[in-house]
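The structure under discussion is supplied below as C-alpha cells; questions concerning it will follow.
This one's a predicted model, so the numbers in the text were calculated from it and none came from an experiment. Position 1 is the first residue of the sequence, and the numbers go up from there.
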Amino acid sequence: MEKYRVGIVGATGMVGQRFISLLKDHPWFQVTCVAASARSAGKKYAEAVGDRWAFDWAIPADVADMVVLDASDIDAVGEKVDFIFCAVDMKKDEIRALEEAYAKHEIPVVSNNSACRGVEDVPMVVPEINAAHLEVIEAQRKRLGTRKGFIAVKPNCSIQSYVPAITPLMDFGPEKMSVCTYQAISGAGKTFKTWPDMVDNVIPYIGGEDEKSENEPLKIWGHVEDGKIVNAVEPVISAQCLRVSAADGHMAAVSVSFKNKPSIEQIKERWASFETEAQRLGLPSAPKPFLQYFEDPARPQTRLDRDFQNGFGVSIGRLREDKIFDYRFVCLSHNTVRGAAGGAMLTAELLCAKGYITRK
C-alpha cells in the first residue's frame, strides 16, 4: 500500500525522537519531513540533535540526513506531508495557535501536547477506549472553516495506566478514586545523564500533573453531544503525582469505590476479556491483549514490564480489598510509547482507518 507522508513538528525533542524511532519501518507511515525551532532549521537532523539523541540505537539513516524545516513555515512543511505529529516545546497559547494554523492549512494534526486537550470539539483519544469521540471532528472543522484539517490529541501520559484498567469496569459505576502516580524522568524529557539530580531521588511535585490526572479521564469517559464532548461527572478522582528515579514507565497505585461492587473474579475476568476497537480494526500498533494481570504480588515492575506489547500494553497487579475504598491495585504503562508518541501514532492509525486522514 502507498504510505501516508508524515511530518514530525518538534522532531528534535525526546518525544519527537521517540516518534522517529517508532515510525521506522511502519507499514502505513513514512517520515517525509522533520521540523523544529528556527535555531535547528537548515541543519541536517543528526546535526540538530547532536548529543541529545536519547536512545541506545542510532538515528534511522533516512531521517539522519533530512534537513530540518522551521516549524513555523507551515507552507514548506505542508508540501511534504499528509498529516503531522506535533510535539513542540512552547507556551500553551503558542502551541494552540500553531496547531490551529496547521489545521487551517488543511493539514491534520495529531498532537502530543496539552494545549488543546480542554477544547470541547477536539477529541482526546485512547483508541481502545473512546474511538467514538472522533465524530466531533466534523464540528471542529466547521469552527475552523476546514475541509480536511483538524486537531486530535492524546491524553496525558500519567493517566494511561489506570484509565484503561477502570474502563472495562465502568458499568459497575466507579464513584470515587484515589490515585498516586510514580512517573519516570523521561516524562520530563530527561535522561539520568541530563538530570543527575534525579539519581537516588523522588520529587513529590510535577507541575500541573495532579490536575490533569484528575480531569482528563472525565473527558475520555464523556460523550459527544451537539458538536462537543461532554465530560463524565464520575468517578471523582483525587491524584498525587511523584517523579521517581526510573528511566521510563509510569506506575499508578489506585483505590476505587463502586456503586455496584463487583467481585475480584469479575474484575479479573473483565480485564482478561477486554476487546478494543483498535484490535477489531487491525491497527498495526494495537496491542493484543491490551491489558495483562499478574498474580505475582511483586509485579508489575517498571524495568521488567514497561515494554509489554512493545510498550503499547498496560500491566496490572495486586488487586485486593481496601479498608476505605472497595478495591486497590497497581498498574503500569510505558510513558513515552503508550503515554506519548506511541499513543499518538496509534491514534493516527485509527484516524486513517476511519477516513479522517487521507492522502493528498
same_hphob_cluster(I107, F85) at 4.5 Å side-chain heavy-atom cutoff: no
Polar contact flag, side-chain donor to acceptor under 3.5 angstrom, T181-Q183: yes
Main-chain N/O of D248 paired to R306 side chain as donor or acceptor, under 3.5 Å: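 Yes; at least one donor-acceptor contact below 3.5 Å.
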Polar contact flag, side-chain donor to acceptor under 3.5 angstrom, S213-E209: no
Modelled atom types, side-chain donor and acceptor of T336 and R18, under 3.5 Å: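 Checked: T336/R18 side chains pair up, N/O donor to acceptor below 3.5 Å.
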Within 45° cone and under 6.0 Å: R243 NZ/CZ vs Y205 ring: no
Parallel, tilted or perpendicular: ring planes of W53 versus F55, cut at 30 and 60 degrees: perpendicular
Partner of R96 under salt bridge (Lys or Arg N to Asp or Glu O under 4.0 Å), chosen from E100, E99, E94: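 Single pass found, and it is E100.
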Hydrophobic cluster membership, F83 vs I20, 4.5 Å side-chain cutoff: yes
Polar contact flag, side-chain donor to acceptor under 3.5 angstrom, T146-E106: no
D305: which of Q292, H334, R299 passes side chain to side chain donor-acceptor pair (under 3.5 Å):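 The passing option is R299.
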Partners meeting side chain to side chain donor-acceptor pair (under 3.5 Å) with K104 (sequence neighbours left out):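 Listed in chain order: nothing, the list is empty.
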Sidechain-backbone polar pair: E277 side chain, I129 backbone, donor-acceptor under 3.5 Å: no
Common cluster, M124/I166, ILVMFWY with side-chain heavy-atom separation under 4.5 Å: yes
Flag for H26-E349: side-chain donor and acceptor within less than 3.5 Å: yes
Any Y102 side-chain heavy atom under 4.5 Å of V9 side chain: yes
ILVMFWY cluster, Y162 and L332 together (side-chain gap under 4.5 Å):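 No, no single cluster joins them.
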